[in-house]
There are 2 protein chains.
Amino acid sequence: MTAANLTNDPRLESWIPVAPNGDFPIQNLPLGIFSRAGSAPRIGVAIGDRILDVRAAAEAGLVDVCDRPLLCAPTLNGLFGAGRQTQRILRDRLSALLRAGGDSALREARTDALLVPAGGVTMHLPLDIGDYVDFYSSIEHATNLGKLLRPDSEPLLPNWRWIPIGYHGRSATVVVDGTPIVRPSGQRKPPSAAKPEFAPTAMLDIELEMGFFTGRGNQPGRPIRVAHALEHVAGLVLVNDWSARDIQAWEYQPLGPFLGKSFATTISPWVVTLDALEPFRLEGPRQEPPPLEYLSGAPACTYAIDLAVELQTSQMRAEKAAAFEISRTTFARMYWSVAQQLAHATSNGALTRTGDLFASGTISGPDPGTYGSLIELTWRGERPIELPNGETRTFLQDGDEVTLRGWCERRGARRIGFGAARGRIVPAEA
Amino acid sequence: MTAANLTNDPRLESWIPVAPNGDFPIQNLPLGIFSRAGSAPRIGVAIGDRILDVRAAAEAGLVDVCDRPLLCAPTLNGLFGAGRQTQRILRDRLSALLRAGGDSALREARTDALLVPAGGVTMHLPLDIGDYVDFYSSIEHATNLGKLLRPDSEPLLPNWRWIPIGYHGRSATVVVDGTPIVRPSGQRKPPSAAKPEFAPTAMLDIELEMGFFTGRGNQPGRPIRVAHALEHVAGLVLVNDWSARDIQAWEYQPLGPFLGKSFATTISPWVVTLDALEPFRLEGPRQEPPPLEYLSGAPACTYAIDLAVELQTSQMRAEKAAAFEISRTTFARMYWSVAQQLAHATSNGALTRTGDLFASGTISGPDPGTYGSLIELTWRGERPIELPNGETRTFLQDGDEVTLRGWCERRGARRIGFGAARGRIVPAEA
């Protein structure tokens, strides 16, 4: 059994209590950036409802397995840039420190300063994000959008089954879980109007996505081959690509989405590494026609991640009603895989740097309850969602809070969770 | 006369020799990042054929007008982030040090270490670029592309006269003047082919553009108003947005350009500040219909910049033939202005950071000799360009070198130049 497999062993238990169905057992060990009042942002590892302060542990001499500056940095860029093997070595060491019957050094240290209650910290973006790319890799989503936006033609465009279609988004507006989302204003023009108007969006939507962060980058002019792509991927997060559909519809021809998307993209704070996800890696759906050679021969690299979208309105909060699940789907059916996306994005030689974020595109399944956006779930507002308290929703209202959740579960493995990516809508600026 | 006007006075002369038609008289004072062998990249100012080492001058106590760390940094982000007023104060001081009859402190110092011959240095990207946006603001270019790509419909789409159309490009692949351009490979599918192929692009093109760098950014959720936009703009550079037309044509529906553009974008190394360009600021063309209120009331902020594209093939280099000018146009006719572009890009509240690059889109005039791309100049290859040595070109061949140049000239002002943005095509990776 390799070291990586040992750290995934479902029989492992931490000496720190972890709820049976918690997101962060010792098999997970996701990395993030946190701070306490009065202290600088630093690397942490989630374990149960605690966070191991990796910088403090390194400074105490407990994690001498890689260069200390990588562990004491305010972002994960340095650590992830060092490559998958460094990530694995760190994972082994953290697992040994945190597991029952492992290395007792951490347990014997002053653990109160090293293990912080997760409830009392501020989470930050885990990396300095260089470029942000958003794909369009769910065949069900692309088909649904085609039906909605181009009702008179074939829903799937001719290039879709050949190319992992994608575009660049705005990296400056990627924000972490919990950041309020200001309703954006913009130009919109209903087909019946003579001219456009500038106003707060009336069609504020979500997009349920997963995203991966690159670890080691490539050299300019040197594509990352699909067979080696996973060695350049550090881990995954939840992504909510907030979208203003009325702004998007009026602006997007011919150069694609711009202000309808660029106001905000929310990610979950904990990067779940590919090593933690290894027990949930599987073959994706059969691709027909077979992809071109540069996209062929990828390792199985779809992941069996269950996903949910929850909505809580301000009235529900006043009534102390729990958030209501409006969609449940899976990442496992995505047509284009992580490895194909990265190989495609660099196939023209484009430079990828550590900390680039590549999102999957909206993840929709075949049935209405499995769609990953409100425009699909409500069929552009024709079929409002009924909430348990009698309210209805087509697009988002001010005060609505959306939470994305993701987790992996299967018999014979411990549950691996992603935490949450939340955002609450606040009114447009006057 | 304000300080800013004094620095633009055409009667000013530097005690450093400047050729009568040189790009860098004392009225220009563009900022860039350079290094010499064995020394770290640092801020410099171009004057004649020399570069004033701003870091060394600051360390010698000659430029004590703003915080020294801003002047000793390896990029211009800190300095530009401090705002236009700081830029103006620095400009005043540099002008005083460099002009005949001004402050003699620099002249009396050991100027050989402070004033470096420009021929012996390496130029770097002037800023760490956060996000890169490319607009589409020339009505002539948008009309030409419409005719070429959608021959059976109205060339200008209905949104074009209402919205400064733009999209996000890849900031990682913005490179400085002189960086070799590797011919990209990618998917392409001629309409007659049954399926796409992956191969080096056969339609490698240029796009002649100008770009502006943001200085002080905005707060998230707070648009930059069009009336104040120029206070957030630090200066302009030349931009060549290299484009692979065959890759772009097959991939761009429905989310816009991606790999057809993301392999490289070349900029000129010297940022010409808005203060230097002030004598060349003018009203842009009349906009009909009148723009919506959030795009109205901008200050005059088109700039009378003459632009040229030169091409030199490897055969021409072997024959020692000079580069041949294939296009001559002007920035002054751009439909959407710098202030409108920045106001629009932040109208949804999107965060803009110091060092974001906003390019204008291809700059084309009304006549064939004024087009800013080969796809327009050769009308998608139908009308090859004839070079003086008998060679012809439709799209670029390996070994071709393209140089963009830009300059401002008018009676009663000193010529202000942008230097060059050059790139030579090297063969595709095997």
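Within every chain, numbering begins at 1; the chains are lettered A, B, ... in the order of the sequence lines, protein sequences first and strands thereafter. The basis for the numbers below is simple: all heavy atoms, side chains too, and nothing from hydrogens, waters or symmetry mates. Source: prediction; values computed, not measured.
- The aromatic ring centroids of His168(A) and Tyr132(A) lie 6.0 Å or more from each other.
- Only the side chain of Thr173(B) comes within contact range of chain A, with at least one heavy atom under 4.5 Å from a heavy atom of that chain.
- For Leu292(B), the part lying under 4.5 angstrom from a heavy atom of chain A is the side chain only.
- The backbone N or O of Ile375(B) lies less than 3.5 Å from no partner atom in the side chain of Arg245(B), so there is not a single donor-acceptor pair.
- Inspection of the Glu207(B) and Ser373(B) side chains reveals no N or O donor paired with an N or O acceptor under 3.5 Å.
- Counting heavy-atom pairs closer than 4.5 Å to chain A, the top residue among Asp356(B), Thr179(B), Leu351(B) is Leu351(B).
- For Ser138(A) (side chain) and His141(A) (main-chain N/O), a donor-acceptor pair under 3.5 Å exists by modelled atom type.
- No part of Asp128(B) comes within reach of chain A, as not one of its non-hydrogen atoms sits under 4.5 angstrom from that chain.
- The aromatic ring centroids of Trp336(B) and Tyr136(B) lie 6.0 Å or more from each other.
- No side-chain donor-acceptor contact under 3.5 Å links Thr354(A) and Asn77(A).
- Only the side chain of Glu429(B) comes within contact range of chain A, with heavy atoms under 4.5 Å apart.
- Side-chain contact between Glu209(A) and Thr362(A) is present, with heavy atoms from C-beta onward closer than 4.5 Å.
- Contact count against chain A (heavy-atom pairs under 4.5 Å) is highest for Arg353(B) among Glu251(B), Lys261(B), Arg353(B).
- Between chain A and the residues Pro184(B), Ser262(B), Ala142(B), Ala264(B), the largest count of heavy-atom pairs under 4.5 Å involves Ser262(B).
- There is no contact between Glu293(B) and chain A, counting heavy-atom distances below 4.5 Å.
- When heavy atoms are compared at a cutoff of 4.5 Å, Thr352(B) approaches chain A by way of both its backbone and its side chain.
- Each of Arg183(B), Glu197(B), His344(B) has some count of heavy-atom pairs under 4.5 Å with chain A, and the biggest count is that of His344(B).
- Both the backbone and the side chain of Pro196(B) come within contact range of chain A, each with at least one heavy atom under 4.5 Å from a heavy atom of that chain.
- Listed options Leu149(B), Val182(B), Asn159(B) were ranked by heavy-atom pairs under 4.5 angstrom with chain A; first place goes to Asn159(B).
- The aromatic ring centroids of Tyr167(B) and Phe258(A) lie 6.0 Å or more from each other.
- When heavy atoms are compared at a cutoff of 4.5 Å, Pro254(A) approaches chain B by way of both its backbone and its side chain.
- Contact of Val133(B) with chain A is made through the side chain alone, with heavy-atom distances under 4.5 Å.
- Tyr294(B) and Gln187(A) form a side-chain donor-acceptor contact under 3.5 Å, judged by distance and modelled atom types alone.
- Heavy atoms closer than 4.5 Å to chain B are found in both the backbone and the side chain of Phe198(A).
- Between the side chain of Asn218(A) and the main chain of Pro223(A), no donor-acceptor pair closer than 3.5 Å is present.
- Here the side chains of Thr266(A) and Trp242(A) are in contact, with some heavy-atom distance below 4.5 Å.
- Within the 4.5 angstrom heavy-atom criterion, only side-chain atoms of Leu295(A), from C-beta onward, approach chain B.
- For chain A, the nearby parts of Phe263(B) are the backbone and the side chain; heavy atoms of each come within less than 4.5 Å.
- Heavy atoms closer than 4.5 Å to chain B are found in the side chain of Arg222(A), but not in its backbone.
- Contact count against chain A (heavy-atom pairs under 4.5 Å) is highest for Gly169(B) among Gly169(B), Pro257(B), Pro180(B).
- Contact annotation for Leu157(B): only side-chain heavy atoms (C-beta onward) come within less than 4.5 Å of a heavy atom of chain A.
- With a 4.5 angstrom heavy-atom cutoff, Leu145(B) does not touch chain A via any of its atoms.
- Only the side chain of Arg150(B) comes within less than 4.5 Å of a heavy atom in chain A; its backbone stays farther off.
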